[in-house]
Amino acid sequence: MIIKILGTRGEIDEKAPWHTKYSGVLIDNSFLLDLGEKEYLKYNPSFIVFTHLHPDHAFFVRKENELDQKIEAYAPEESPEVDNIKVVNDPFKKNSYRFTPIPVIHSLKVRSLAYIVEKDDKRLLYTGDLAWMEKKYQKKFGRLDMVITEGSFIKKGGMIRKDKESGNIFGHTGLPDLIRIFSEYTQHIVLMHFGTWFMKDVKTARKKIQDLTPPDVKVEIARDGQEFII
Ligand SMILES: [Zn+2]
Ligand SMILES: [Zn+2]
């Protein structure tokens, strides 16, 4: 699988060189995971799989934006901006790929899914934004050739809030937590969706991430447009 990370910036105002665009991942020059920027449509994806419908992952839900062409989309829920979204609940196959949705906790308002993407014997996990993932779903991971996850927060625990009424949590967990969890299932973690802490001082940020990395795991900091192969 050729994995091109198109954008590595979280939903924040700050940017840094090589980290200016919102989430999008192009697989084998064929389909997209998330569509944080309209310009990603220039790759002419045959279909798009959405983790969740926040504007930095689905540009058209931002008020001033418009999706003015037809797309074939799979997403956790319907959107008034897209004509025919296939709402994902169960594993599905498309072309020569197999997708296994994994429910994740991230937002009170939008439903969120991570996906295991498989082709031949290669297995990729793309998490999207993540406050938490229940233990029972982690059992589905098996061995993963690569995990692509988010770097919104560097501090342990990230930024998790709790809804007073329902008690439900939402937000983003921290990189120490994510690297610890996913190191159990893979030796290759790629980070994107960076937060303000990263943009303010990329050099120091790189060092902090290095300090969190276990010895037998490779943790890479993706730049906009960077390609990876598994
Ligand atoms: Zn989000
Ligand atoms: Zn996001």
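Numbering of ligands and ligand atoms starts at 1, following listing order.
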**Asked** Does NZ in K86 sit with more than 12 non-hydrogen atoms of other residues, nucleotides or ligands closer than 6.0 Å?
**Response** yes
**Message:** Running the 4.5 Å side-chain criterion over Ile, Leu, Val, Met, Phe, Trp and Tyr, what cluster does L41 land in, apart from itself?
**Reply:** L6, L26, L32, L35, Y40, Y43, I48, F50, L53, F59, F60, V61, L67, I71, V82, I85, V87
**Item:** the Zn ion (ligand 2): protein N, O or S atoms [distance under 2.8 Å]
**Value:** D56 OD2, H57 NE2, D129 OD2, H193 NE2
**Fill in**
With sequence neighbours left out, the residues meeting side chain to side chain donor-acceptor pair (under 3.5 Å) with K38 are D68
**Aromatic ring proximity, centroids under 6.0 angstrom, F31 and Y97** = yes
**Message:** Y126: which residues meet the ring-ring contact (aromatic ring centres under 6.0 Å, His included) condition with it, sequence neighbours left out?
**Reply:** none
**Message:** Whether K94 engages the ring of F47 as a cation-pi pair (distance to the six-membered ring centre under 6.0 angstrom, angle to the ring normal within 45°) should be assessed.
**Reply:** yes
